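Report on the following structure.
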Amino acid sequence: MAQDVTILGAGAVGICTALSLAERGLLVRLIDRGDPGQETTFGNAGVISPWSFIPQSLPGLWRQLPKLMMGKHRPLSVRARYWPRMVTWGLAFLRQGTPARVQQVADAMETLCAPSIDLYRRHLRGTGDEALIRDCAYVHAFRDGSRASLDAIDYRIRRDKGGQLELVGGDELRRIEPALSPDFRAAVLIHGQARALSPGRLASVMADKARDLGVEILRRDIRALRRDETGWRIECSGESYAAERVIVAMGAWSADLLRPLGIAVPLASERGYHLEFPDPGIELTNSVTDTDAKFVASSMEGGMRVAGQAEFGDIDAPPNPKLETRMLAQARAAFPDLNASVPSVWMGRRPSFPDSLPMIGPFEGHPGLFAGFGHSHYGLMMAPKTGELLADLLTERVPNIDLAACSTTRFSRGLIPFSEAHHG
Ligand SMILES: Cc1cc2nc3c(=O)[nH]c(=O)nc-3n(C[C@H](O)[C@H](O)[C@H](O)COP(=O)(O)OP(=O)(O)OC[C@H]3O[C@@H](n4cnc5c(N)ncnc54)[C@H](O)[C@@H]3O)c2cc1C
């Protein structure tokens, strides 16, 4: 049977998009080389927040780079071979950190994050696994209490947009999260978010629901995408598939697929790690961030997960064992009673553009080809709205937001300064 839409990549974005399209009656094929949702989507920190719309590049960040890369906690690193690409990407990233631009990007990100909890609840309805999403707060914990200020730009923007934020001292913080070290003297609580108790299982459950709605899920390694006289042809290992309309949702791998078509996008593979402690001996009620080490900890079905690090490196470079050791020490320091034995270790790749926004929408000059990738640190929470927007575009409904900020041409047209010369 001819499919209306073929989606390449079954991460959170591909799966949510398949659900939204199938709900509107379209015939959908979803292709991934692995089981649905078992790459980047599997290992994230599980934060699903309407209030996580603050981009990564903030005013004055450049001054903190030495500390972020060489200080005590070192949440940021660049693999040696990646530096030539990093310079161009990093400069474009830092140029985004003006107050005006942060506000603009936050406005765009808000529209993608705002309905995240409601849409996940809708996708889970009737599956029997509705409890995979749990309401909570986001606890941003500070060792230096004087740094915890609700007037900082990221908290001010959240408050301006109606976020319920609260500043608490050390005693109150330990009442809320008793497992946190007394080294933390203050915290900002962001109320009104949720967390996934197992991002990987959340993806599997939604993929099963998509199958029930008629989505065809194929396990194939996608090798190339090309256009012939009848439409798109997706070359997979061994066979190929014809498609009139294609959505590229391959996360960090999307850029390599598009390059032979003459589409160059400044997508970095911003690698992150998690350690999951199967028998932690402690329990967290919320998503908890150590604002120095910049990891997020959360109690999940498989134990306590600590997820973080921003390591810019080649997409296929092996994991860096030094970062695993560093994260283990950081988890122990933040949670002194943690039973840190035999954690499972994972590395994944955030698909990151310099402005923290994804690409959502058509590629000009490539009829029937759409983007749904580049969700950087926010892809779990932005996936359901991305799916709704793509479903709007493919059913010729006018999306209820202006998608210009997420356009596929914002870098190539120079709307966001970026020199592509060094970015392969
Ligand atoms: C440590 C860490 C913590 C994070 N924490 C959070 C968080 O708390 N909240 C949040 O919202 N986001 C978080 N993120 C970001 C989030 O995980 C990503 O933005 C999101 O998973 C991206 O989803 P995706 O569907 O675009 O990509 P992916 O999940 O990577 O899916 C892409 C899919 O494409 C498939 N694919 C790739 N190449 C091929 C090929 N050649 N053939 C066939 N299939 C292919 C892959 O197998 C994969 O399944 C975190 C990320 C990391 C690394």
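Since the structure is predicted, the reported quantities are computational estimates derived from the model, not experimental observations. Atoms within a ligand are numbered from 1 in the order they appear, just like the ligands themselves.
- Geometric assessment of Arg305 against the ring of Phe42 yields a positive cation-pi assignment under the 6.0 Å and 45° thresholds.
- Applying the 4.0 Å criterion to heavy atoms of Ile222 picks out, from ligand 1, the atoms 40 (C), 41 (N), 42 (N), 43 (C).
- By the neighbour-count criterion of 12 heavy atoms within 6.0 Å, atom CD of Glu244 is sparsely surrounded, having that number or fewer from other residues, nucleotides or ligands.
- Checked against the 6.0 Å centroid criterion, the rings of His191 and Tyr138 do not qualify as a close aromatic pair.
- When heavy-atom distances to ligand 1 are checked against a 4.0 Å cut-off, His377 comes that close only through its backbone atoms N, CA, C and O.
- With sequence neighbours excluded, the residues satisfying side-chain contact (heavy atoms from CB on, under 4.5 Å) with Ser376 are Ser352, Ser356, Tyr378.
- Taking the six-membered ring for Trp, Phe411 and Phe353 have ring centres closer than 6.0 Å.
- Note: His274 and Trp346 have parallel aromatic rings, judged against thresholds of 30 and 60 degrees for the angle between ring planes.
- A cation-pi arrangement is absent between Arg95 and Trp62 under the rule of less than 6.0 angstrom and at most 45 degrees off the ring axis.
- With a heavy-atom cut-off of 4.0 Å, Tyr273 touches ligand 1 through its backbone alone.
- The nearest heavy-atom contact from the protein to atom 2 (C) of ligand 1 is Arg350 NH2, 3.7 Å.
- Looking at Leu380 next to ligand 1, an N or O pair under 3.5 Å apart turns up.
- Nearest protein heavy-atom neighbour of atom 24 (P) of ligand 1: Val13 CG2, 4.0 Å.
- Remark: Arg158 is not positioned above the aromatic ring of Trp51, lacking an NZ or CZ atom under 6.0 angstrom from the ring centre and at most 45 degrees off the axis.
- Nearest to atom 6 (C) of ligand 1 among the protein's heavy atoms is Asn44 CB, 3.4 Å.
- Using a 4.0 Å cutoff on heavy atoms, Phe42 does not count as a contact of ligand 1.
- Between Phe373 and Trp253, the distance from one ring center to the other does not fall under 6.0 angstrom.
- Note on Arg122 versus Glu388: salt bridge recorded, some NZ/NE/NH1/NH2 to OD/OE distance being below 4.0 Å.
- Heavy-atom proximity to Asp221, at under 4.0 Å, picks out these atoms of ligand 1: 40 (C), 41 (N), 42 (N).
- Of the protein's non-hydrogen atoms, Asp32 OD1, 2.7 Å is the one closest to atom 47 (O) of ligand 1.
- Listed by number with element, the atoms of ligand 1 under 4.0 Å from a non-hydrogen atom of Gly46 are 7 (C), 8 (O).
- Shown in contact with Arg220 at under 4.0 Å from a heavy atom are these atoms of ligand 1, numbered in order with element: 42 (N), 43 (C).
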When the side chains of residues 101-108 are checked against the rest of the protein, which donor-acceptor pairs come out under 3.5 Å, sequence neighbours left out?
residue : atom : partner : partner atom : Å
Arg101  : NE   : Gln96   : OE1          : 2.7
Arg101  : NH1  : Gln104  : OE1          : 2.6
Arg101  : NH2  : Gln96   : OE1          : 3.4
Gln103  : NE2  : Asp107  : OD1          : 3.2
Asp107  : OD1  : Lys161  : NZ           : 2.5

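- With salt bridges taken as basic N to acidic carboxylate O contacts below 4.0 Å, one links Arg143 and Asp292.
- Contact atoms of ligand 1 toward Glu39: 30 (O), 46 (C), 47 (O), 48 (C), 49 (O) (distance under 4.0 Å to a heavy atom of the residue).
- Shown here is Arg147, whose CZ atom has more than 12 heavy atoms of other residues, nucleotides or ligands within 6.0 Å.
- Every atom of ligand 1 is numbered from 1 in the order shown, and the set under 4.0 Å from a heavy atom of Ala12 is 25 (O).
- A donor-acceptor pair shorter than 3.5 Å can be found between the side chains of Asp228 and Thr230.
- At under 3.5 Å, a nitrogen or oxygen of Thr41, whether backbone or side chain, sits near a nitrogen or oxygen of ligand 1.
- Counting heavy atoms under 4.0 Å from ligand 1, residue Ser376 touches it through the backbone alone.
- The proximity of His274 to ligand 1, defined as any non-hydrogen pair under 4.0 Å, does not occur for either the backbone or the side chain.
- Looking from atom 27 (O) of ligand 1 to the surrounding protein, the closest heavy atom is Gly251 CA, 3.7 Å.
- Close approach of ligand 1 to Ala45 (heavy-atom distance below 4.0 Å) involves ligand atoms 3 (C), 4 (C), 5 (N), 6 (C), 7 (C), 8 (O).
- The residue among Ser269, Gly11, Ser52 with a heavy atom at the shortest distance from atom 31 (O) of ligand 1 is Gly11.
- Other residues, nucleotides and ligands place more than 12 heavy atoms under 6.0 Å from the CZ atom of Arg211.
- Of the protein's non-hydrogen atoms, the one nearest atom 43 (C) of ligand 1 is Arg33 N, 3.1 Å.
- Listed by number with element, the atoms of ligand 1 under 4.0 Å from a non-hydrogen atom of Tyr378 are 10 (C), 11 (O), 12 (N).
- Nearest to atom 9 (N) of ligand 1 among the protein's heavy atoms is Val47 O, 3.0 Å.
- Looking at Gly14 next to ligand 1, no N or O pair under 3.5 Å apart turns up.
- Of the protein's heavy atoms, Gly379 CA, 3.8 Å lies nearest to atom 20 (C) of ligand 1.
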